[in-house]
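Reading through the structure tokens given below for one structure.
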Amino acid sequence: MSQRRVPRRLSRRASWGVSIAGALAVMGFVAAAQWNSSASRESFTSSAQQVLAAQVLQLEAEQRDLREQIAEAEEQVRQFQEQSTSSSATLAVLNAQLEQARVAGGLSAVHGPGVIVEIADSNRVVPPGENPSSFIVLVDDLRDIVAALWASGAEAITINGERLVASSSIYGVGASILVNTSFLPAPYRIEAIGGDGLLDRFQADPAFTGRVAQRIEFYGLEFAVAQADDLQLPAFVGTTRFRWGVPVESPAP
Amino acid sequence: MSARVAQLSLFMVTLLIGVLLVGQLRSQARPLEITSLPAQDLSELIDTLGARNRELRTGLADLHETLREYRVAGSQGQSALEVSREDLRRITAFAGLAAVEGQGLVLDVSGSLDAIALNDLVNELRNAGAEAIAVDDVRVTNRSVAVQGPRSLVVDGVEIGEEFTISAIGSPEGLLSAMERPGGIIAQLEQFIDATIVATQSNEIVVPATTVDLAPAVAEAVR
């Protein structure tokens, strides 16, 4: 009896031991990888880089402040115009035109039905020999998504809350993406207001299927789309004045 | 008892592995912290953010001037009509609803550009500070995008031939240096696509108003 019991207890202990040893081995491997990556990154962050990074953060803070001031001043201008609407019929017509032009140009907050597109970096482990930048959202991915949405009939678009207007650029600086004046981090949420069928047209548009759809599938970029009954998109905040050109004619009432 | 301890230990070990794996997966590709960016990227970010902030400061000063004009008109009992007209001129020009004339850059393009290349050119001009852009006689608005049509590229429903002109109002020097910088958009397109792009500064550029109705069909202003 005891001869049969001893091997069973030994095998159970051995099985636990193997499990724990295996788990500890995986944990050790992952911890080492984690340690190596953070150690190399830390050592790579030189003092010069820290100075530059501090400057970037300072400029971003300054920009947030400027944008708040601009939004506030735009609101004050709008209030002046609304207050003076009652003073004459001509002014009322003028203010109606102002509102239409603001909506057309992306200078008013708008709401309506539309689609939400979300895209984020891949969660896959980068295989040896592969370029890690293939597994992150690139500036071209956002440009393609936006081009496909406009081509599909979108009337207003934001990327992470940045409203796209006639002067908007989507620009890559290394792995960073600037939209309008803002440095936007991943994940990216693109919201677009548009009529019926916008989502279907977007997913069939060559600007979407040509590159970004393939990258989503091949590199495992995180991607999701959804329809929305009522999106609310903010107005553009930024400079709308021309320095180098003047309007040729004005539609004066 | 010992089995319970073992289970608990295994649970803790598994939990730790999970946490470490998530951390490892998240740290493998994109540097999340600004301090992790290479010095070259940081320098470019500083240049870009600095230029954008200068634009914002100028825009803010202009807005304060408009507000001052409204206040002066109000205090003198005058109508705000002229101030509002000026604001309408600004906004219609910005939106592409009014033609604009001024200084800038003209790109004469010939060759087999695809829609992506044309959209990239427009994006580059916008990033370099172009205030108004037209492809041939088609004003580029917020909603304009080049697409491949049955016979040629199409912008806002208008076919664009193999030879076309992009007119951009903005700083002639700034636009030219951005477009012609080594490794820039023109260099890339000429290298990878069979295209020729000639950039010329000009003091007399006229960019037409859009012919597209930009009034939204479903979007409504938030009141």
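- A distance of 8.5 Å separates CG in B/N142 from CD1 in A/I157, rounded to the nearest 0.5 Å.
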TODO: Check the pair A/E62 / B/R57 against salt bridge (Lys or Arg N to Asp or Glu O under 4.0 Å), numbers first and verdict last.
DONE: CA-CA 10 Å; A/E62 184 187 3; B/R57 268 193 294 276; 2.3 Å; yes
- [ ] Determine, stepwise, if the pair A/S167 / B/R126 fulfils side chain to side chain contact (heavy atoms under 4.5 Å, CB included).
- [x] CA-CA 6 Å; A/S167 61; B/R126 284 168 163 167; 5.6 Å; no
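- Within 6.0 Å of atom CD in B/Q201, more than 12 heavy atoms from other residues, nucleotides or ligands are found, so the atom counts as buried in its surroundings.
- Within 6.0 Å of the CD atom in B/E204, the count of heavy atoms belonging to other residues, nucleotides or ligands does not exceed 12.
- If you tally non-hydrogen atom pairs under 4.5 Å between each of B/L60, B/L214, B/T48 and chain A, the highest count goes to B/L60.
- With a threshold of 4.5 angstrom between heavy atoms, B/I116 approaches chain A through side-chain atoms but not through N, CA, C or O.
- Closest of all the heavy-atom pairs between B/F94 and A/T239 is CE1-O, 3.8 Å.
- Classification of B/D87 and A/R102 as a salt-bridged pair holds, one side-chain N sitting under 4.0 Å from a carboxylate O.
- When A/L52, A/V77, A/T240 are compared by the number of non-hydrogen pairs under 4.5 Å with chain B, A/T240 comes out ahead.
- Contact count against chain B (heavy-atom pairs under 4.5 Å) is highest for A/A109 among A/G112, A/A154, A/A109, A/G105.
- With chain B as the partner, the residue from A/A48, A/P113, A/G114, A/S168 showing the most heavy-atom pairs under 4.5 Å is A/S168.
- For the pair B/L49 and A/L178, the minimum side-chain heavy-atom distance is below 4.5 Å.
- Taking CG of B/N203 as the start and CH2 of A/W244 as the end, the distance is 10.0 Å to the nearest 0.5 Å.
- Among B/R139, B/E44, B/Q148, B/H64, the residue with the largest count of heavy-atom pairs under 4.5 Å with chain A is B/E44.
- Contact annotation for B/V145: only side-chain heavy atoms (C-beta onward) come within less than 4.5 Å of a heavy atom of chain A.
- Heavy atoms closer than 4.5 Å to chain B are found nowhere in A/D230, neither backbone nor side chain.
- When heavy atoms are compared at a cutoff of 4.5 Å, A/R243 approaches chain B by way of both its backbone and its side chain.
- Taking a 6.0 Å sphere around CG of A/D196, one finds it holds 12 or fewer heavy atoms contributed by other residues, nucleotides or ligands.
- In this structure, B/N119 and A/A147 approach most closely via the heavy-atom pair ND2-CB, 4.4 Å.
- In this structure, the portions of B/T58 lying under 4.5 Å from any heavy atom of chain A include both its backbone and its side chain.
- Among the candidates B/D41, B/D120, B/L45, B/V218, the residue making the largest number of heavy-atom pairs closer than 4.5 Å to chain A is B/V218.
- When each of A/L164, A/I193, A/I170 is scored by its heavy-atom pairs under 4.5 Å with chain B, the top score falls to A/I170.
- Going from atom CD of B/E220 over to atom CD of A/E155 covers 10.0 Å, rounded to the nearest 0.5 Å.
- By the 4.5 Å heavy-atom criterion applied to side chains, B/V100 and A/V246 are not counted as neighbours.
- The local environment of CG in A/D229 is sparse, with at most 12 non-hydrogen atoms from other residues, nucleotides or ligands closer than 6.0 Å.
- Note on B/R71, B/E101, B/Q40: by heavy-atom pairs under 4.5 Å with chain A, the leading option is B/E101.
- Interface residue A/A151: backbone and side-chain heavy atoms are both found under 4.5 Å from chain B.
- Legend: side-chain hydrogen bond (donor to acceptor under 3.5 Å, both in side chains) pairs involving residues 166-178 of chain B, not counting sequence neighbours: none detected.
- Interface residue B/E124: only side-chain heavy atoms are found under 4.5 Å from chain A.
- Chain B forms the most heavy-atom pairs under 4.5 Å with one residue out of A/Q100, A/E99, A/R211, and that residue is A/R211.
- Between A/E74 and B/R90 there is a salt bridge, with a side-chain nitrogen of the basic residue lying less than 4.0 Å from a carboxylate oxygen of the acidic one.
- In this structure, chain A has a heavy atom under 4.5 Å from the side chain of B/L97, while its backbone stays farther away.
- For B/A115, no part lies under 4.5 angstrom from a heavy atom of chain A.
- Counted within 6.0 Å of CG on B/D137, heavy atoms from surrounding residues, nucleotides or ligands total 12 or fewer; the atom is thus considered open.
- Nearest heavy atom pair, residue A/V103 against residue B/A221, reads CG2-CB, 3.7 Å.
- With values rounded to the nearest 0.5 angstrom, A/I70 atom CD1 is found 4.5 Å from B/L56 atom CG.
- Once rounded to the nearest 0.5 Å, the distance linking CZ of B/R85 with CD of A/Q97 reads 9.5 Å.
- In this structure, a donor-acceptor pair under 3.5 Å is absent between the side chains of A/Q76 and B/Y70.
- Heavy atoms of A/A73 lying under 4.5 Å from chain B belong to its backbone as well as its side chain.
- Rounded to the nearest 0.5 angstrom, A/Q63 CD and B/E55 CD are separated by 10.0 Å.
- Annotation for B/S84 and A/L98: closest pair O-CD1, 4.0 Å, computed over non-hydrogen atoms.
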TODO: With side chain to side chain contact (heavy atoms under 4.5 Å, CB included) as the test, would you mind laying out the steps for A/R241 and B/L63 before giving the verdict?
DONE: CA-CA 9 Å; A/R241 312 267 161 165; B/L63 274 170; 3.6 Å; yes
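- The choice from B/G102, B/S43, B/A209, B/G104 that makes the most heavy-atom pairs within less than 4.5 Å of chain A is B/G102.
- Using a 4.5 Å cut-off between heavy atoms, A/V165 touches chain B through backbone and side chain atoms alike.
- Considering only heavy-atom pairs separated by less than 4.5 Å from chain A, the leading option among B/L125, B/V206, B/I91 is B/I91.
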